[in-house]
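Everything below concerns the one structure shown next.
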Amino acid sequence: MMLTYIVLDGDDIGQMIAACYFNNDIQQLSQVNALVEDKITKIAKLLQWEGFTILFCAADGVAAQSRLKSPNFCDLYRRVTEIGGAEITFSAGVGESIREAYIALLTAKSRGKARIVIFQEMQHHV
């Protein structure tokens, strides 16, 4: 059975953190940390609930694999955006290898962020 991979990454989190440093705002830095940690933990739990194995869960990213025949990634991404809410958006990439999923993630970010790109579909739009 083929594995499918998904890689998610928070959008503009580095800029949020940098603003805290530049503004010397330790309280805001702590709040950003708690917010990101909460969202990432909830996303990892969602993926596990959906049958994924978590490969990486740290900072503002999650990588997971699934043996499910054909996960509904559009519905899954919709639920990720609900978790992110108004505070954080996420970009996601899906592929048949971790490399393909990461390339799809980079493509999602280069296409404007806050979206999901599936590597196999990406091939048809080049």
Side-chain angles (χ1 to χ4, degrees):
M1 180 170 282
M2 185 182 325
L3 292 172
T4 304
Y5 295 84
I6 185 167
V7 178
L8 296 110
D9 187 63
D11 295 324
D12 302 321
I13 303 301
Q15 291 174 332
M16 292 170 65
I17 294 168
C20 295
Y21 289 140
F22 286 127
N23 294 324
N24 202 31
D25 193 339
I26 296 169
Q27 182 178 0
Q28 182 64 24
L29 181 63
S30 180
Q31 291 172 351
V32 168
N33 181 60
L35 175 68
V36 172
E37 185 176 326
D38 177 62
K39 303 294 185 178
I40 289 299
T41 300
K42 287 178 180 174
I43 290 169
K45 286 180 181 178
L46 168 66
L47 291 170
Q48 287 175 318
W49 177 258
E50 292 296 323
F52 286 80
T53 300
I54 303 301
L55 304 172
F56 174 87
C57 180
D60 64 340
V62 180
Q65 69 181 10
S66 174
R67 293 188 183 275
L68 300 175
K69 187 167 184 170
S70 56
N72 183 337
F73 286 107
C74 291
D75 180 60
L76 187 62
Y77 183 73
R78 179 190 55 76
R79 292 162 56 202
V80 166
T81 62
E82 290 172 0
I83 291 170
E87 299 99 350
I88 300 177
T89 61
F90 289 88
S91 295
V94 174
E96 294 177 356
S97 69
I98 196 77
R99 182 184 71 82
E100 287 182 0
Y102 187 68
I103 291 168
L105 169 68
L106 295 177
T107 302
K109 288 192 173 275
S110 73
R111 290 182 180 170
K113 303 177 185 173
R115 67 191 68 227
I116 186 169
V117 171
I118 298 171
F119 185 83
Q120 288 68 25
E121 295 174 7
M122 185 179 83
Q123 303 278 45
H124 302 294
H125 298 292
V126 176

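When a residue number appears, it is its place in the shown sequence, counting from 1.
Scanning all heavy atoms of the two residues, the minimum distance from Phe90 to Gly84 falls at CE1-CA, 4.0 Å. Between Leu105 and Ala92, the shortest heavy-atom distance links the atoms CD1-N, 3.8 Å. Nearest heavy-atom pair, Gln31 versus Gln28, reported as atom, atom and distance to 0.1 Å: OE1-OE1, 2.9 Å. Residue Ala104 comes nearest to Phe119 through the heavy atom pair CB-N, 3.9 Å, listed as atom of the first residue, atom of the second, then distance. Looking at every heavy atom in both residues, Gln120 comes nearest to Val94 through OE1-O, 4.2 Å. Residues Val62 and Cys57 share a closest heavy-atom pair of CG2-SG, 4.2 Å.
For the pair Leu29 and Ile17, the minimum side-chain heavy-atom distance is below 4.5 Å.
Heavy atoms from other residues, nucleotides or ligands lying under 6.0 Å from CZ of Phe56 number more than 12. By the neighbour-count criterion of 12 heavy atoms within 6.0 Å, atom CD of Gln27 is sparsely surrounded, having that number or fewer from other residues, nucleotides or ligands. Within a 6.0 Å sphere centred on NZ of Lys109, other residues, nucleotides and ligands contribute more than 12 heavy atoms. Applying the 6.0 Å contact sphere to NZ of Lys45 captures no more than 12 heavy atoms from other residues, nucleotides or ligands.
We find the CG-CD1 distance between Leu8 and Ile83 to be 9.5 Å, quoted to the nearest 0.5 Å. Taking NZ from Lys42 and CD from Glu82, the interatomic distance works out to 12.0 Å, rounded to the nearest 0.5 Å. Rounding to the nearest 0.5 Å gives a distance of 12.5 Å between CD1 of Ile6 and CD of Gln65. The structure places CG of Asn33 at 13.0 Å from CD1 of Ile26, a figure rounded to the nearest 0.5 Å. Separation of atoms CG (Leu3) and CD (Glu96) is listed at 10.0 Å; rounding is to 0.5 Å. From Arg79, atom CZ reaches atom CG of Leu47 across 9.0 Å, with rounding to the nearest 0.5 Å.
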Next on the checklist: Please determine whether side-chain contact (heavy atoms from CB on, under 4.5 Å) holds for the pair Thr81 and Thr89, giving the CA-CA distance in whole Å, both sets of side-chain angles, and the decisive distance to 0.1 Å.
Outcome noted: CA-CA 7 Å; Thr81 62; Thr89 61; over 6 Å; no
Next on the checklist: Checking Leu76 against Ile116 for the side-chain contact (heavy atoms from CB on, under 4.5 Å) test, could you report, in this order, the C-alpha distance in whole Å, the side-chain angles of both residues, the deciding distance, and whether it holds?
Outcome noted: CA-CA 10 Å; Leu76 187 62; Ile116 186 169; over 6 Å; no
Item to check | Stepwise side-chain hydrogen bond (donor to acceptor under 3.5 Å, both in side chains) check, Ser91 with Asp9 | outcome: CA-CA 6 Å; Ser91 295; Asp9 187 63; over 6 Å; no
Item to check | From CA spacing to verdict: side-chain contact (heavy atoms from CB on, under 4.5 Å), Leu46, Glu50 | outcome: CA-CA 6 Å; Leu46 168 66; Glu50 292 296 323; 4.2 Å; yes
Next on the checklist: Evaluate Thr4 against Leu68 for side-chain contact (heavy atoms from CB on, under 4.5 Å), listing each step before the verdict.
Outcome noted: CA-CA 8 Å; Thr4 304; Leu68 300 175; over 6 Å; no
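Thr107 places a side-chain N or O within donor-acceptor distance of the main-chain N or O of Ile103, the cut-off being under 3.5 Å. Distance alone, capped at 3.5 Å, places no donor-acceptor pair between the Tyr5 side chain and the Ala63 backbone.
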